Protein chains: 2
Amino acid sequence: MNKQDTQRLTKRAALLKSLAHPSRLLMIEMLEKAPRCVGELTEAVGSDITTVSKHLAVLRRVGLVHVEKHGTYSEYSLACDCVTHMLDCIESGMGKTVRGSTCETPKPENKQKK
Amino acid sequence: MNKQDTQRLTKRAALLKSLAHPSRLLMIEMLEKAPRCVGELTEAVGSDITTVSKHLAVLRRVGLVHVEKHGTYSEYSLACDCVTHMLDCIESGMGKTVRGSTCETPKPENKQKK
DNA sequence: ACAATTATTGGCGATATTGCCAACAATGTC
DNA sequence: GACATTGTTGGCAATATCGCCAATAATTGT
């Protein structure tokens, strides 16, 4: 793996990793509809507010969300509609590739010769 | 977070997590072009073959790739073109949302008065 | 049967992620 | 000022991921 690929793929992996958590996905779905403050997201997610705050920090770090302070409130919003589009793609892909939770049916009866 | 959402989002997160590694992304890019055996992927990735094999197991578990044995070789292939499409969506989204590696620039003037 | 090739699995240490608590910071209210 | 509200950060234990080595399986060739 050359240096350029490593850099490109590492960056892409970081974005995917930031999405790869149920709570963060829920938060993003909520932010698709409207901007929200941390308290609202916390209630929806059902974890401690400090946990949610850290999840939001993850999303901030990769640039998926923006934050705007209003008084003591932090209003989070999606950085871009592309996030929605990305997740739509993933969902449509899921229906086709991931059938069950373990979709790969191991077929040992491949008697092919090379 | 209700039970249904939890299940749906956990599943989606699992798929994203399986994609969220540079080596696995490279392997998928290679498989987009043609089916490959583990050795070929190993050479491209540059890690130990056992590491690559485990990465492939991750992709198998979520159903992103298929494997077909030919003699002692395991020929891996993409389960579906949707994977390609998904990653294209992600790439196009990246250009717009993730500018730098740290794109969210918070206020630099944090006067700490402790 | 034996050895070589290809790949997978178990195990281990190193590292990263997750979720909560306590502490702290920032703002608004009395 | 004192106090409450809203978020963030540090720290910690539990858990998961990662990458390599050793061992194993499966197949092919001699």
Side-chain angles (χ1 to χ4, degrees), chain A residues 1 6 9-10 13-27 35-62 65-77 104 106-114, chain B residues 1 6 9-10 13-27 31 35-62 65-77 104 106-107 109-114:
Chain A
M1 197 150 42
T6 300
L9 296 174
T10 299
L15 178 64
L16 286 162
K17 205 188 289 189
S18 77
L19 292 170
H21 191 288
S23 302
R24 293 198 288 267
L25 287 176
L26 180 66
M27 294 190 254
R36 307 276 189 181
C37 67
V38 182
E40 292 173 304
L41 297 168
T42 297
E43 189 183 6
V45 167
S47 324
D48 196 277
I49 190 176
T50 70
T51 299
V52 171
S53 184
K54 285 189 178 177
H55 280 309
L56 287 167
V58 171
L59 296 176
R60 249 186 296 135
R61 233 170 280 134
V62 296
V65 301
H66 285 149
V67 60
E68 200 174 323
K69 291 224 95 180
H70 297 288
T72 63
Y73 289 81
S74 292
E75 187 192 70
Y76 280 85
S77 54
E104 238 299 82
K107 289 281 196 111
E109 50 227 285
N110 284 321
K111 282 305 179 114
Q112 293 251 356
K113 296 190 72 163
K114 113 177 166 132
Chain B
M1 197 152 41
T6 300
L9 296 174
T10 299
L15 178 64
L16 286 162
K17 206 189 287 190
S18 78
L19 292 171
H21 191 287
S23 301
R24 293 198 286 267
L25 287 175
L26 179 66
M27 294 190 256
L31 296 180
R36 308 278 189 178
C37 67
V38 183
E40 292 174 303
L41 296 168
T42 298
E43 189 183 6
V45 167
S47 324
D48 195 277
I49 189 176
T50 70
T51 299
V52 172
S53 184
K54 285 189 179 176
H55 280 310
L56 287 166
V58 171
L59 296 176
R60 250 186 295 136
R61 233 170 280 134
V62 296
V65 301
H66 285 148
V67 61
E68 202 173 321
K69 291 225 95 179
H70 298 289
T72 63
Y73 290 81
S74 292
E75 188 192 70
Y76 280 84
S77 54
E104 238 300 83
K107 36 208 65 185
E109 51 248 77
N110 266 336
K111 292 297 182 40
Q112 305 240 347
K113 44 162 197 179
K114 239 190 129 149

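In this text the structure is predicted, and so the values were computed from the model without any measurement. Residue numbering restarts at 1 for every chain, and letters A, B, ... go by the order of the sequence lines.
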What is the separation between atom OH on B:Tyr73 and atom C1' on D:dA25, rounded to the nearest whole Å?
17 Å
Would you please name every residue forming a side-chain hydrogen bond (donor to acceptor under 3.5 Å, both in side chains) with B:Thr50, sequence neighbours left out?
B:Asp48
A:Glu68 CD to D:dT6 C1', in whole Å, measures 16 Å
According to a strict under-4.0 Å criterion, is A:Ser53 in side-chain N/O contact with OP1 or OP2 of D:dT8?
yes
So if I take residues 35-44 of chain A and measure heavy-atom distances to DNA chain D, which residues fall below 4.0 Å?
A:Cys37, A:Val38, A:Gly39
Contact class for B:Ser74 vs. all strands (heavy atom < 4.0 Å): base, sugar-phosphate, or nothing?
sugar-phosphate
Strictly below 4.0 Å: does A:His55 bring a side-chain N or O up to OP1 or OP2 of C:dG19?
yes
Applying side-chain contact (heavy atoms from CB on, under 4.5 Å), can you list everything that pairs with B:Ser74, at least two apart in sequence or on another chain?
B:Val38, B:Val67, B:Lys69, B:Tyr76
Residues passing the side-chain hydrogen bond (donor to acceptor under 3.5 Å, both in side chains) test with A:His55, sequence neighbours excluded, are A:Arg24
Which residues in residues 17-26 of chain B have at least one heavy atom lying under 4.0 Å from any atom of DNA chain C?
none
Does a nitrogen or oxygen in the side chain of A:Thr51 sit under 4.0 Å from OP1 or OP2 of C:dC20?
yes
Could you list the protein-to-nucleotides 10-15 of chain D atom pairs, N/O on both sides, closer than 3.5 Å?
{"unit_1": "D:dG10", "atom_1": "O6", "unit_2": "A:Lys54", "atom_2": "NZ", "d": "3.3"}
{"unit_1": "D:dG11", "atom_1": "O6", "unit_2": "A:Lys54", "atom_2": "NZ", "d": "2.4"}

Please state whether the phosphate of C:dT8, meaning OP1 or OP2, lies under 4.0 angstrom from any side-chain nitrogen or oxygen of B:Tyr76.
yes
Please state how far atom CD1 in B:Ile49 lies from atom C1' in C:dT8, giving the value in whole angstrom units.
9 Å
